[in-house]
Amino acid sequence: MSDPFDLSDDEPHAVRSNAPAVPPPWLDRLNPEQRQAVETTEGPVLVLSGAGTGKTRVLTARLAHIVMTRLAKPWNLLAVTFTNKAAREMRERVSALIGPASEQLWLGTFHALGVRMLRRHARLAGLESNFTILDTDDQLRLLKQVMETGRVDSKRWPAQALMGTIQRWKDRGLTPAQVTDGEAGDFAAGRAVELYQAYQERLRSLNACDFGDLLLHCLTIFKDPQHIDVLAEYQRQFRYILVDEYQDTNIAQYLWLRLLAQKHRNICCVGDDDQSIYSWRGAEVGNILKFEHDFPGATVVRLEANYRSTPAILAAASELIRHNEGRLGKTLRPGGVDPQPGEPVVVRGLWDGEEEARWVVEEIEARHRAGTSLNEIAILVRAGFQTREFEERLITTGIPYKVIGGLRFYERQEIRDALAYFRVVVQPADDLAFERIVNVPKRGLGDATLQAVHVLARAQGIGLVAAARQLIASDELKPRARTTLAGLLIDFDRWRSLLAAVGHGELAQTILDESGYTGMWQNEKTPDAQGRLENLKELAAAMDEFDSMAGFLEHVSLVMENDERTDVERINVMTLHGAKGLEFDVVFLPGWEEGVFPHQRAIEASGAQGLEEERRLAYVGVTRARQRVYVSYAANRRIYNQWQNNLPSRFVEELPAEMVERLAEKGLFGGVTEAAAAWGTNWNSGYLTQRQRRTDREAPDAAAPPDDGYAPGDRVFHQKFGYGLVQTVDGNKLEISFDKAGVKKVLDSFISMA
DNA sequence: GATAATCCGGTTTTT
DNA sequence: CCGGATTATC
């Protein structure tokens, strides 16, 4: 490989001497490193792409470059992403560069591409090509059945845990036969592998797959010596392979890529080891760390010019991540011309979570007044439950917000029920769907009936619907159940016969109405019933966008996302994980306390490695911001209604002092150091054990309470809420009607007699 | 077969 | 403290 560019850090503006005067559009305005990443088409290439260094741009330019210079036809390119969103974005951007040819690219998520291949060769994996893809919910139910059949005590051994184990095995590309005895663990007295085996058999008999199988079956087929032609064909086809977010790949994905890339060896992986935050779901940072070893002769390109954040933010992020070991090493530098340092990162300590929320929202209002769009502001938290405090404060303040990554459309109960009806109609053999809706709405087909169906199905080795059909022809069932079940099956058949005749959106509505499902929610008096009915309407309407009901179901199983409306300006509230790949002008990072962030359990579960991943998460958070970063921590926090006092996160100390403006709560502490010292007297880093919590439940003594209790009617004073009257007393919990702040529940340790 | 009582757990998430 | 999930009861 010729080496036209100097990759060393100290030559940011190296210029290619033989560059054409006018570069083609897809190479326009790329910096030298980006351009090298695009133009080094032959051989393995690893692009280490720091946050905000134009990764997507490089990927799309590379695709365009290969197609436009006729190195290969679009269908000779395989481009893999993790999320549908990333895939969509990439396709749009490539399309802008190369036009309709982009439709011919093999571009999609690992799973979508896996399905595409697997449908073609399903037989080789023991499936029919119209197999169904189960989601987590179905998987768990199936696994429970398997465990029941295997007489495993589901109390001692939760199905969820087994599901996790199996998923991790699949992440590593292991079929039941490949799991070694040493790995079996002690789950269900060492029977985990046996259960895994049984689960796979059940899946096959249902003509179904879980997500892990989409790749695992591909691997099995690729490696099958009987069918070497299949792999050979794909290897021949994919002359160029591109992989996005390579640091997030698991072993199965790695193996899949390696097999496909073996012939042409033109594989380009783009990733950032410093942004690897998914090891807990099977991602292997090792994949990126050992790329050069796995693909000898690889070209490594580092993208370090950041076009997103201010120098101050970059300095803070770089210094923070420098505390990690085992990095490939990259330093972000400002990419813009003549960059101003920008505002320092603000770090603020506050008294408690409520005060933190108030401060954050005040600052948001200030930024908004200063002209920042609410869409460009984000609050990024470590864990989902932390959003609540901010939501409450945002509601009282009247600032519109959206919580991203909450419950998703297709995961809602009513949607899943409706889909189950459609599945039964499209795929009569879909037992899991049948079970889900056979008695929804309640029609008197309970456990007894279902059990009879199961017994017959198992005895004859047939599906549940087929078994049900036989049962109603017999006298096994009570007359009532028999009539109802017969009626239901007739309904299924009728709807199925309408598939070809009626528009499927309309048919969907018919199914929901005739099955009584719509009626069930109409009779429901809970406040959310109306919303559920609307969701159902939306579902039926969405279906008309597709060619067929089956096509729609396929789409849904792979694309479990809700399209958000973008009509009003709203601030964004989400987890740090959810924020990866996004950027905002202003980012708030609350809850930087030991035990919360880094999260205690991350450290407990994986020690130093876990801590490093938490630090990467912090790095991801900081690098989301273009203009300003606000970090905050609270001395006291109520978790599960117990007061807990925390130390500031170690990550606070790891930010460079010269890029940080530190503020501490006025009147409480002179500064962070004093504050830390003050808390040190009552220190408990991280979460307390249950027992400690019981004994240490008092918050720090801001105002020492009298030893004897309070009684209703007492006039009291509270540090934050001012004066008020005690309403009720419940142990050390008081309900107080404050003159200014209204009625609040507080602990006696926070108040004193007025 | 459906409703009330009780127990447990409570990080991060895509496909 | 809250929500869900399983269990006890009618």
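Numbered from 1 within each chain, the chains take letters A, B, ... in sequence-line order. Below, each value reflects all heavy atoms present in this structure, side chains not excepted, and no hydrogens, waters or symmetry copies.
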Subject >> Interatomic distance at P, dA5(C) relative to dT12(B), whole Å >> reply: 16 Å
Subject >> side-chain N/O Asn84(A) vs dT14(B) OP1/OP2, d < 4.0 Å >> reply: no
Subject >> Nearest-angstrom distance from the residue atom CD of Gln600(A) to C1' of dT12(B) >> reply: 15 Å
Original post:
Is the backbone of Glu593(A) close enough, under 3.5 Å, to the side chain of Asn646(A) for a donor and an acceptor to pair up by distance?
Top reply: no
Original post:
Base, sugar-phosphate alone, or nothing: which one does Lys478(A) contact when heavy atoms must sit under 4.0 Å apart?
Top reply: nothing
Original post:
OP1 or OP2 of dG10(B) sitting under 4.0 Å from any side-chain N/O of Arg601(A)?
Top reply: yes
**OP:** Could you tell me how the ring of Trp592(A) sits relative to the ring of Phe651(A): parallel (under 30°), tilted (30 to 60°) or perpendicular (over 60°)?
**Re:** perpendicular
Original post:
Stacking between Tyr278(A) and the base of dT13(B) (centre distance under 5.5 Å, interplanar angle under 30°)?
Top reply: no
Subject >> Whole angstrom value for the distance that separates C1' of dT11(B) from CD of Gln160(A) >> reply: 14 Å
Subject >> Value in whole Å for how far the C1' atom of dT11(B) lies from CG of Leu380(A) >> reply: 16 Å
Report, one line per pair, each donor and acceptor closer than 3.5 Å where one atom sits in a side chain of residues 380-387 of chain A; sequence neighbours left out.
from: Arg382(A); atom 1: NE; to: Glu614(A); atom 2: OE1; distance (Å): 3.1
from: Arg382(A); atom 1: NE; to: Glu614(A); atom 2: OE2; distance (Å): 3.4
from: Arg382(A); atom 1: NH2; to: Glu614(A); atom 2: OE2; distance (Å): 2.6
from: Gln386(A); atom 1: OE1; to: Arg382(A); atom 2: N; distance (Å): 3.0
from: Gln386(A); atom 1: OE1; to: Ala383(A); atom 2: N; distance (Å): 2.7
from: Thr387(A); atom 1: OG1; to: Gly384(A); atom 2: O; distance (Å): 2.9
from: Thr387(A); atom 1: OG1; to: Glu391(A); atom 2: OE2; distance (Å): 3.2

**OP:** Respond yes when some side-chain nitrogen or oxygen of Thr575(A) is under 4.0 Å from OP1 or OP2 of dT13(B), and no when none is.
**Re:** yes
Original post:
Could you give the CZ-to-C1' distance, from Phe385(A) to dT11(B), as a whole number of Å?
Top reply: 8 Å
Subject >> Gap between atoms CG and P, on Leu140(A) and dA5(C) respectively (whole Å) >> reply: 10 Å
**OP:** Please confirm whether Arg202(A) makes a cation-pi placement over Tyr199(A), using NZ or CZ under 6.0 Å from the six-membered ring centre and within 45° of the ring normal.
**Re:** no
Subject >> Sugar-phosphate only, base, or nothing, as touched by Gly212(A) at under 4.0 Å among non-hydrogen atoms >> reply: nothing
**OP:** Grab the CZ-P distance between Arg141(A) and dA5(C) for me, whole Å please.
**Re:** 12 Å
Subject >> Ring-face cation contact, Trp106(A) with Arg116(A), 6.0 Å cut, 45° max >> reply: yes
Original post:
So, do Arg532(A) and Gln413(A) sit near enough that their side-chain heavy atoms are less than 4.5 Å apart?
Top reply: yes
Subject >> Residue closer to the 5' end of DNA chain B, Glu614(A) versus Thr83(A) (nearest nucleotide) >> reply: Glu614(A)
**OP:** Name the orientation class of the two ring planes belonging to Tyr517(A) and Trp521(A) (parallel below 30°, tilted from 30 to 60°, perpendicular beyond 60°).
**Re:** perpendicular
Enumerate the protein-to-nucleotides 1-3 of chain B contacts in which both atoms are nitrogen or oxygen and the separation is below 3.5 Å.
from: dG1(B); atom 1: OP1; to: Gly446(A); atom 2: N; distance (Å): 3.2
from: dG1(B); atom 1: OP2; to: Asp447(A); atom 2: N; distance (Å): 3.0
from: dG1(B); atom 1: OP2; to: Ala448(A); atom 2: N; distance (Å): 3.0

**OP:** Could you work out the separation of dC2(C) and dT13(B) based on their C1' atoms and round it to a whole Å?
**Re:** 23 Å
Subject >> Near-parallel close stack of His599(A) and dT11(B) base (under 5.5 Å, under 30°) >> reply: yes
